Amino acid sequence: MRFCTKGISASNMVLLQNETNCIYGMAPAGSRVSLDFAGQSLDCVVSGSGGDSLTEWKIEFNPGPACSGRDLILRCEDEEIIFTNVAVGEVWICSGQSNMQLQMERLKYTYPEEFTKPENQNIRMITVPVTFAFDGPKDTVQNPDWKIAGPETMSGMSGTAYFFARRLTEELGIPVGVIACCQGGTPVTAWMNAESMEGVGDYVRRLEELKVPGYVSGVQASEKAAQDQWNKKIYSLDAGMAENWKDWSVKQAEEAGWGICQLPGEIDLIEKGGIVWFKKEISLTAEQVTYFNENGARLWTGTIRDADTAYINGVQVGVTYYVYPPRRYDVPAGILKEGVNTITLRVQQNLANRKMYFWPEKHYALASRDAKVIPTAVRNAEQIEGISPLKEGEVFDKDEISGLYIPLNGDWFCCATSQLEECPPTTFFEYEPQALYNAMLSPCFTTAVRGALWYQGESNDSKPYEYEELLCRMMKLWREKFVYSPGKKLPFVVMQLPSWADDVLPDSYPLSSSWAEIREAQNGACEKFADTALSVAVDAGEWNDLHPEKKLTGGSRAAEQALRIAYGKDYSGCAKMNSMELHTERGYSENAGGFCKIVFKTDKPLQAYAVENGAADFTKEIKEVYGFALLLKNFWGKESVLAVSGEIVSENTVLLTLPKLPLFTKIMEIRYLWANCPESVNFYADKLPVMPGRIKL
């Protein structure tokens with residue numbers, strides 16, 4: 001076809017209401033392109049003098065007020081392009097890394113009702129395919145595909161973007177289109193161009209290296225060869241595969257000298273890379289087997305570092321190739337049997353500094369599919385009815401649930417086999433500077449969008465001191481490049497990092513916190529620009545999951561901030577520390593009567609709540625505020641952190657009681673929730689968590 005469009009235009013797309021939009025593409029030089037939409041007819045003459053050459057054409061038009069179900073027809077000579085079911089409404093770009101990318105398929109256990117709702121023509125989304133490029137910005141994506149939210153399309157939609165769009169359309173009552181342009185693991189620099197990174201770090205130098213012809217393909221080929229060799233070696237050394245351990249009973253494992261370990265927890269049997277096999281038996285009655293066969297069974301084995309294959313009675317029921325996805329394997333009917341059933345896990349460790357680990361407060365169970373299982377830990381603002389993961393020392397109460405749920409926590413037989421060097425590294429080129437700016441973001445620049453939702457920062461935590469500057473530069477760059485954003489303002493809603501503790505328990509008072517510094521940088525960037533808002537999510541994470549699944553809270557809060565800054569709706573911004581009044585002697589406290597008053601910038605009165613199951617109970621208001629601490633430094637330069645009690649004393653003020661401090665000890669900072677993963681969050685204004693932060697003295 002000689003006549004085509006570029007960018008992300010396609011059937012089911014959403015055009016921005018009452019603003020200039022743009023459709024463009026390629027056509028024969030000298031030809032005429034016409035556009036018909038919603039009663040409008042426009043055309044343009046393609047530049048050039050004819051012949052076989054193709055030239056870019058562009059038509060700018062205002063589609064008018066919100067509507068849906070219209071056809072947009074483009075014609076050039078004897079060719080015609082028809083985009084069907086086009087809507088007019090609001091359009092936002094939702095970008096960032098994995099917590100923006102995480103699809104509804106992962107969330108179907110938390111929000112099963114979303115998958116049974118009828119098609120919603122007011123929620124539409126295009127997911128930009130993940131690809132990278134270093135040879136300059138691209139102007140189109142291959143086969144753009146706008147989806148309408150419904151049972152058949154829900155699984156592939158970004159969870160955060162879906163709930164963001166759902167909240168917007170509920171409030172505005174018109175179609176909302178979302179451009180999901182995201183990729184897990186990406187630092188902010190992947191979404192910037194070389195000019196915007198100039199002078200920060202060595203990103204521009206790295207980009208020049210990436211542009212060298214053959215460099216990328218050479219690295220990919222070399223790494224693939226090394227990994228193929230390593231995978232072949234680890235398999236060949238695995239006695240469990242050679243001897244079919246998947247078919248063994250627990251008695252055979254015991255007779256072979258297997259040890260016993262406790263799951264969940266850390267398994268320190270492999271020095272660098274290698275394989276550990278695990279086995280556990282459960283006994284089922286005939287009635288239980290019948291129930292599982294009729295209602296479906298699912299094997300839950302938490303989250304495991306790094307990769308695993310699961311078997312029941314020697315039959316493989318699931319496999320996962322990397323650490324982050326929770327293991328939820330459907331068990332086909334007919335595999336479970338009356339009497340003893342053997343569950344076997346083959347788990348692979350890749351690195352020496354990241355030991356094999358089964359995350360606590362995850363489900364380790366055989367459950368029927370009709371049992372309402374809460375897939376994530378309860379330490380989250382969203383409380384959902386159902387079966388919670390067991391905490392250490394808890395005993396499961398089967399009388400509390402419907403369906404079948406058989407816990408697998410506790411003793412497992414285990415045996416290490418393959419032991420070898422660490423897995424060779426993999427270079428993820430989509431993480432590199434400018435990689436996604438060129439290939440994924442640039443094709444969206446000619447789309448008229450109202451604003452941007454940005455959820456990223458995890459992959460910059462090794463250099464938090466750079467992040468505020470880089471985020472400022474990125475927002476400035478995007479505002480320049482999204483030329484059809486009204487007034488080129490491009491309002492930004494930045495989702496602040498939630499809580500996460502990796503493989504350690506939550507800690508409210510660490511000496512240092514890279515995620516707290518990233519949160520501070522996110523706030524700092526937003527304060528430097530008009531038309532920006534920060535959406536606080538410190539209470540909406542999961543200490544044991546980098547990808548919290550309860551995305552309703554984050555997406556909805558972000559939408560309310562978008563409604564506030566882009567549409568003038570009456571929603572509150574988050575409360576934050578504004579000023580302080582310290583009553584000690586020059587910052588030294590050698591008496592027991594010191595106190596500090598923190599005044600907060602807030603639209604609504606401050607409130608504190610009791611904490612139940614690790615989350616605030618909004619039905620029980622109290623005065624005490626958790627999470628305040630002092631950063632101290634003594635005469636010899638040693639730093640320490642001391643928790644202090646806080647109490648709300650007015651609508652915008654908290655009083656901190658300062659204890660007697662050691663001699664020659666100075667208060668350096670007043671901190672609030674200065675941690676990767678605070679243990680408790682109970683401080684709110686208008687049900688929005690108060691922003692974590694610090695005041696330096």
Side-chain angles (χ1 to χ4, degrees), residues 499 506-513 516-517 519-520 523-524 527 536 538-539 572-611 616-618 620-697:
S499 53
D507 180 4
S508 293
Y509 311 109
L511 188 60
S512 62
S513 167
E517 291 185 59
R519 294 187 193 110
E520 182 179 60
N523 175 49
E527 289 187 336
V536 177
V538 69
D539 61 338
S572 299
C574 58
K576 62 182 75 175
M577 291 192 290
N578 191 46
S579 63
M580 57 162 283
E581 182 183 342
L582 181 65
H583 286 256
T584 67
E585 184 180 347
R586 294 173 44 233
Y588 293 86
S589 181
E590 299 178 8
N591 61 307
F595 67 90
C596 179
K597 286 185 178 179
I598 307 290
V599 179
F600 287 78
K601 180 181 179 182
T602 179
D603 300 331
K604 303 290 183 178
L606 301 173
Q607 295 170 298
Y609 301 95
V611 172
D617 182 346
F618 293 123
K620 299 177 182 178
E621 193 168 346
I622 61 176
K623 290 294 184 182
E624 184 181 2
V625 178
Y626 308 139
F628 280 98
L630 310 176
L631 176 65
L632 306 176
K633 180 184 283 188
N634 65 19
F635 179 78
W636 297 272
K638 183 178 180 180
E639 292 184 336
S640 60
V641 176
L642 180 65
V644 293
S645 60
E647 182 181 353
I648 297 174
V649 294
S650 76
E651 289 190 346
N652 69 339
T653 306
V654 170
L655 178 69
L656 304 183
T657 301
L658 304 182
K660 185 175 181 178
L661 303 179
L663 194 63
F664 305 121
T665 298
K666 187 175 183 179
I667 301 173
M668 305 300 294
E669 296 175 3
I670 308 293
R671 294 176 164 185
Y672 172 63
L673 297 186
W674 194 261
N676 283 22
C677 188
E679 186 171 6
S680 297
V681 180
N682 81 321
F683 191 27
Y684 290 76
D686 199 25
K687 301 294 174 65
L688 293 177
V690 173
M691 185 188 302
R694 60 180 171 177
I695 297 178
K696 297 181 180 181
L697 277 64

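Since the model is a prediction, treat every value here as computed from it, not as a measurement. When a residue number appears, it is its place in the shown sequence, counting from 1.
- Arg519 contributes a side-chain N or O that, together with a main-chain N or O of Ala675, makes up a donor-acceptor pair within less than 3.5 Å.
- Considering only heavy atoms from C-beta on, Ile667 comes within 4.5 Å of Leu658 through its side chain.
- In this structure, the side chains of Asn652 and Asn578 stay at 4.5 Å or more apart for every pair of heavy atoms.
- Under the 4.5 Å side-chain criterion, counting only non-hydrogen atoms from C-beta, Tyr684 is in contact with Asp539.
- Aromatic ring pairs are classed by plane angle as parallel below 30°, tilted from 30° to 60° and perpendicular above 60°; the pair Phe683 and Phe600 is perpendicular.
- The shortest side-chain heavy-atom distance between Phe628 and Val654 falls under the 4.5 Å cut-off.
- The shortest side-chain heavy-atom distance between Leu688 and Val536 does not fall under the 4.5 Å cut-off.
- A heavy-atom distance below 4.5 Å is not found between the side chains of Asn634 and Pro662.
- At a cut-off of 3.5 Å, with distance as the only test, a side-chain donor of Asn676 or Ser513 sits close to an acceptor on the other residue.
- Other residues, nucleotides and ligands place more than 12 heavy atoms under 6.0 Å from the NZ atom of Lys576.
- Counting heavy atoms from C-beta on, the side chains of Tyr672 and Val625 come closer than 4.5 Å.
- No side-chain heavy atom of Val641 sits less than 4.5 Å from a side-chain heavy atom of Leu632.
- The main-chain N or O of Glu624 is found under 3.5 Å from a side-chain atom of Asn682 such that the two form a donor-acceptor pair.
- The OG atom of Ser499 lies 12.5 Å from the CG atom of Asp507; values are rounded to the nearest 0.5 Å.
- The environment of CD in Glu639 is crowded: more than 12 heavy-atom neighbours from other residues, nucleotides or ligands sit within 6.0 Å.
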